[in-house]
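First the structure, in the form of structure tokens, and then the observations on it.
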Protein chains: 2
Amino acid sequence: MEDEQQPGRSGLVEKVANYLREHIVMDHFQPGQRLPERTLAEELQVSRTPMREALKILATEGLVVLLPHRGAVVADVSPRDMQEKAHVLSVLEQAAAELACVNASDDDIAELQAMHYEMKAAFLRRDRQNYFRLNQDIHNRIVALSGNASLIEIHANLSRQLYRVRYLSNERTDKWQVAMIEHEAVMAALAARDAERMGRELRNHLGKTWMKYANGEAEVIVEQGKREDSDQPGV
Amino acid sequence: MEDEQQPGRSGLVEKVANYLREHIVMDHFQPGQRLPERTLAEELQVSRTPMREALKILATEGLVVLLPHRGAVVADVSPRDMQEKAHVLSVLEQAAAELACVNASDDDIAELQAMHYEMKAAFLRRDRQNYFRLNQDIHNRIVALSGNASLIEIHANLSRQLYRVRYLSNERTDKWQVAMIEHEAVMAALAARDAERMGRELRNHLGKTWMKYANGEAEVIVEQGKREDSDQPGV
DNA sequence: GTACCGATAATGGCATACCATTATAGAGAA
DNA sequence: TTCTCTATAATGGTATGCCATTATCGGTAC
């Protein structure tokens, strides 16, 4: 937040929201921790107005919860919530895939294939960073190709809400292998423009990807946030 | 808005939002019409703060569009947008149905059946008001029975956004017959707890319900909003 | 020791003022 | 006439103060 605060310069809400989001996603703020509007505003050298806005935004993103007369607290990542969101996400992507099969141009498919091979390259290099980025890009691209603005928007929202878990979750490399194979199946169905099959493959893929949160791994994530009694101010 | 405005009494944002929503949905404000924040606030005897909030809410509901430095304008209902939203809605309800088939208790299903017969009664009486209300209730109930909070919330949002079209559209009675038959098929599948079939029936039903917007009926709605050169100041 | 009650602090919500940015129209120049 | 530039108005965004509502804690009575 190091910058001057002449009134009128816009974007303060964004800055504050980004700042808080960062800290929450990076697990610097623990679930359940209170985020007192006035105090935080003072610390970040902004007034209550943008702070309130920012907290509302984060609330819609599911990162914080606004308790009446108790202020904002960092939302905890409940495995159940995440599973539910992940399920909806898979449903949406399945629908998107079916639409994409119909709407996508040959060039679109070619581009997607290219991205897929880039990802495969990252996989072979064990380049986690790019692997995950490309993986995300591909999924988003498929949704974009659905051509359904509403679907795209809702998907983006959900995806953001799951980002926190994605970040916290340290995907294990041995899972990549399976994911890659599933991805290939998805791409093959797309190339064949088999809408039903692509939808099914994609949903199956997502189902497996998020399955681990049903098997207790997510709890671990929550646990590791339990340490720390926050000496940091701002808190 | 006829009520006293002692500060502190909460709910002003709701009141303003409801007021504007009502007028927009009822078509008292034409699509494209500007909604000047300050002027409107003055007219409704509130300050900019709750007015801004209300306009933001309506923006998320898709009723108004916030143009940078041009203020809020009543969003026009584009058939395409509505179709897209309706498609997502059907996808979500299909998924909800599949979950409901698994999660619903026998009592839940019995209650749903009861509502269904109530609706049938309204249908036979040509009681449009109750027919539509019960129809909505049933759909919402099915979604609720999915037990997926995220799904429920997203569905509610979309449903709100489509409410405006539902309101504007004057369903013709002869369509009810078909809808009733489809509804019966949905209920039968639920009674049999056949998830796949119920999902399919429900989606088919919704597909038909909204199909008309693909066939030009919605254009009429849009046309009537095309006039507007807004001589009316601020309102 | 427990239950009830009241003081205090924190939060929520609204009003208002100020300033920067941008749209828009009107004046002036080509 | 048309283009450009500038003055003005409108909008967006932020800071701030006030007051009502509610949570929380401590004291008192039983």
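Letters A, B, ... are given to chains in the order of the sequence lines, protein chains preceding strands, and every chain is numbered from 1.
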Discussion item. Quick check: on DNA chain C, is the nucleotide nearest A:Leu67 upstream (toward 5') of the one nearest B:Pro50, or the reverse? Name the residue that is more 5'.
Written reply: A:Leu67
Worksheet item: Where the side chain of A:Arg34 meets the backbone of A:Arg70, is there a donor-acceptor pair that is under 3.5 Å apart?
Response: yes
Worksheet item: Looking at B:Glu93 and B:Arg203, does any basic side-chain N land under 4.0 Å from a carboxylate oxygen?
Response: no
Worksheet, complete the sentence: Rounded to whole Å, NZ of B:Lys15 lies from C1' of C:dG13 at a distance of 13 Å
Worksheet, complete the sentence: Judged by nearest nucleotide, the residue sitting upstream toward the 5' end of DNA chain D, A:Pro68 or A:Glu14, is A:Glu14
Item to complete: Write down the distance between CG (B:Leu12) and C1' (C:dA15), rounded to a whole number of angstrom.
Response: 11 Å
Worksheet item: NA contact type, A:Glu37, heavy-atom cut-off 4.0 Å: base, sugar-phosphate, or nothing?
Response: sugar-phosphate
Worksheet item: Which residue lies toward the 5' end of DNA chain D, A:Thr49 or A:His69, if each is placed at its nearest nucleotide?
Response: A:Thr49
Worksheet item: A:Glu42 has an atom CD; how far is it from atom P of C:dA10, in whole Å?
Response: 12 Å
Worksheet item: Could you give the CG-to-C1' distance, from B:Leu55 to C:dC14, as a whole number of Å?
Response: 16 Å
Worksheet item: Counting distance only, does the side-chain N/O of A:Asn135 pair as donor-acceptor with the main-chain N or O of A:Tyr131 below 3.5 Å?
Response: no
Worksheet item: Would you say the side chain of A:Arg70 and the base of C:dG12 hold a donor-acceptor pair, judged only by whether the two atoms sit under 3.5 Å apart?
Response: no
Discussion item. Tell me the interatomic distance from A:Lys56, atom NZ, to C:dT11, atom P, rounded to whole angstroms.
Written reply: 16 Å
Discussion item. What is the distance, to the nearest angstrom, from the CD atom on A:Glu53 to the P atom on C:dG13?
Written reply: 12 Å
Item to complete: Assign each of A:Arg38 and B:Arg48 to its nearest nucleotide of DNA chain C by heavy atoms, then name whichever residue's nucleotide is nearer the 5' end.
Response: A:Arg38
Discussion item. With a 4.0 Å limit, can you tell me whether B:Arg34 has a side-chain N or O closer than that to the phosphate oxygens OP1/OP2 of D:dT11?
Written reply: yes
Worksheet item: Is there a donor-acceptor contact under 3.5 Å from the side chain of A:Asn103 to the main chain of A:Ser146?
Response: yes
Fill in: Euclidean distance, atom CE of residue B:Met51 to atom C1' of C:dG13 [Å, nearest integer]
15 Å
Worksheet item: Can you check whether B:Ala149's main-chain N or O pairs, donor with acceptor, with A:Glu84's side chain at less than 3.5 Å?
Response: yes
Practice prompt. Measure from CG on A:Leu40 to C1' on C:dT11 and round the result to the nearest Å.
Written response: 14 Å
